[in-house]
Number of protein chains: 2
Amino acid sequence: MISPLSSKMIRFSKKVEYALMALKFISASNPRLVTAREISDKVNIPYDLLSKILQRLKSEKILSSTQGTHGGYLLASSPDKIFLYEIMRAIDGDRALTECLISGKEGECGLEDSCSIKSPVTKLQKEVEELFKSKTISDFV
Amino acid sequence: MISPLSSKMIRFSKKVEYALMALKFISASNPRLVTAREISDKVNIPYDLLSKILQRLKSEKILSSTQGTHGGYLLASSPDKIFLYEIMRAIDGDRALTECLISGKEGECGLEDSCSIKSPVTKLQKEVEELFKSKTISDFV
DNA sequence: TTGAAAGCGGACTAATCAAGTCCTATTTAG
DNA sequence: CTAAATAGGACTTGATTAGTCCGCTTTCAA
Ligand code: SF4
Ligand code: SF4
């Protein structure tokens with residue numbers, strides 16, 4: 001009937017949880033360079049998974065990294081400028097309450113023309129976004 | 001590492017979207033008794049799926065129903081007393097940002113003891129809940 | 001009294017997604 | 001030149017979602 005929905009929003013994926021823990025850890029170690037291995041050990045996150053999460057955060061400019069033997073990660077900006085919303089987006093991509101609100105998927109729903117809830121849901125989506133945009137990793141004491 | 005997470009929250013499931021549309025429709029037809037078939041036709045929702053959604057809303061006391069030839073559904077209370085949060089809960093069960101915050105699953109996570117984000121996430125969860133508790137189907141103009 | 005129209009409800013399937021693993025580069029200090 | 005680190009693609013597994021199917025029960029009216 002409706003094309004299957006591929007987007008989750010607001011329920012944290014494990015990856016996002018791991019990202020938050022990792023970012024907290026890195027933040028607490030500031031300005032020391034921290035390795036994926038160290039975080040994996042201290043916070044008990046599977047190493048391979050964590051690696052990819054950190055790489056992703058790096059590619060999204062939330063972290064900076066140095067390669068090589070004594071490499072590691074650092075926050076790319078101060079903790080109170082790293083917003084939850086951006087972390088979620090970096091890791092899980094664009095998400096929204098409904099399919100039609102995800103950029104790139106507008107019009108894949110099929111009910112969109114006749115949909116009676118799209119407009120109110122759009123408003124609600126904005127409120128949810130505001131909530132997540134208002135939190136930074138500094139709030140994750 | 002961590003037991004797989006079985007809870008989604010805040011991304012609406014299609015069922016919740018359908019529920020909202022159906023409730024809007026029933027609300028608009030008030031106080032006429034409305035059948036699942038009629039809603040299915042008018043709103044373009046698969047009949048079988050919709051049936052189960054309505055049944056669920058009924059069993060959760062959000063709708064009332066009458067069986068038999070001229071049966072159908074009615075709102076069990078006024079639209080401004082039917083909260084989004086309750087609809088979501090009726091349909092998808094208990095959900096939360098993280099596994100550890102779902103009643104019945106406390107302690108299934110495995111990281112719970114050492115988790116550095118549980119407390120801030122708990123706070124955030126409350127804010128999210130407040131948001132959904134503040135919306136009723138009257139807000140879904 | 002019987003049949004059609006409605007609600008009730010479990011079992012099932014197919015597609016999709018999340019979580020985690022594995023493997024192979026590339027970079028760089030010592 | 002090698003060990004330790006980041007980088008990143010391919011893959012597997014299990015869980016979840018969306019949707020279907022089928023049979024039962026209730027009620028009304030012909
Ligand atoms: S809100 Fe309406 S249009 Fe948007 S995805 Fe849900 S059904 Fe389709
Ligand atoms: S304890 Fe920490 S890791 Fe486990 S579910 Fe709760 S928040 Fe996520």
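Chain naming here is simple, since letters A, B, ... match the order of the sequence lines and numbering starts at 1 in each.
Nearest nucleotide to the side chain of Lys52(A), out of dT26(D), dA7(D), dA10(D): dA10(D). Closest approach to the Tyr73(A) side chain among dA18(D), dA4(C), dT6(D) is made by dT6(D) (side chain taken as heavy atoms from C-beta onward). Among the nucleotides dC21(D), dA18(D), dC8(C), the one closest to the side chain of Asp48(B) is dC21(D). With dA18(D), dA4(D), dG20(C) as the choices, the nucleotide that has an atom nearest any side-chain atom of Lys14(A) turns out to be dG20(C). For Lys15(B), taking side-chain heavy atoms from C-beta onward, the closest of the listed nucleotides dA18(D), dT27(C), dT21(C) is dA18(D). Set against dA5(D), dG20(C), dC28(D), the side chain of Tyr18(A) has dG20(C) as its closest nucleotide. Looking at the side chain of Pro46(A), the nearest of the listed nucleotides dG7(C), dT21(C), dA3(D) is dT21(C). Closest to the side chain of His70(A), from the set dA18(C), dG20(C), dG30(C), is dG30(C).
Between the CZ atom of Arg56(B) and the P atom of dT17(D) there is a distance of 12 Å, given to the nearest Å. Taking atom CZ on Arg32(B) and atom P on dA6(C), their separation rounds to 12 Å, with Å as the unit. What separates CD of Gln67(A) from P of dT2(D) is a distance of 21 Å, to the nearest Å. Between Asp41(B) atom CG and dA6(C) atom P the separation is 10 Å, expressed in whole Å. Rounded to an integer number of Å, the gap from CD1 of Ile91(B) to P of dA18(D) is 11 Å. Remark: P of dA18(C) and CD1 of Ile53(A) are 13 Å apart, rounded to the nearest angstrom. Rounded to whole Å, atom C1' of dG9(D) lies 15 Å from atom CG of Leu49(A).
Paired with Met21(B) under the rule side-chain contact (heavy atoms from CB on, under 4.5 Å), one option of Val43(B), Ile39(B), Ile26(B) passes, and it is Val43(B). In summary, of the residues considered (Lys133(A), Glu127(A), Lys135(A)), a side-chain contact (heavy atoms from CB on, under 4.5 Å) with Leu131(A) occurs for Lys135(A) alone.
Salt-bridge formation is detected for the pair Asp94(A)/Arg89(A): a Lys NZ or Arg NE/NH1/NH2 atom is positioned less than 4.0 Å from an Asp or Glu carboxylate oxygen.
Distances shown here put a side-chain N or O of Arg95(B) below 4.0 Å from the OP1 or OP2 atom of dT17(D). OP1 or OP2 of dC8(C) sits under 4.0 Å from a side-chain N or O of Lys58(B). Of the side-chain N and O atoms in Ser65(A), one or more sit less than 4.0 angstrom from OP1 or OP2 of dA7(D). The phosphate of dG19(D) has neither OP1 nor OP2 within less than 4.0 Å of any side-chain N or O from Tyr47(B). OP1 and OP2 of dA7(D) both lie 4.0 Å or more from every side-chain N or O belonging to Ser59(A).
In this structure, OG in Ser27(A) is found 9.5 Å from CG in Asp80(A), a value given to the nearest 0.5 Å.
Side chain of Ser40(A) to main chain of Pro46(A): no donor-acceptor pair is present (N/O by atom type, distance under 3.5 Å, no hydrogens or angles).
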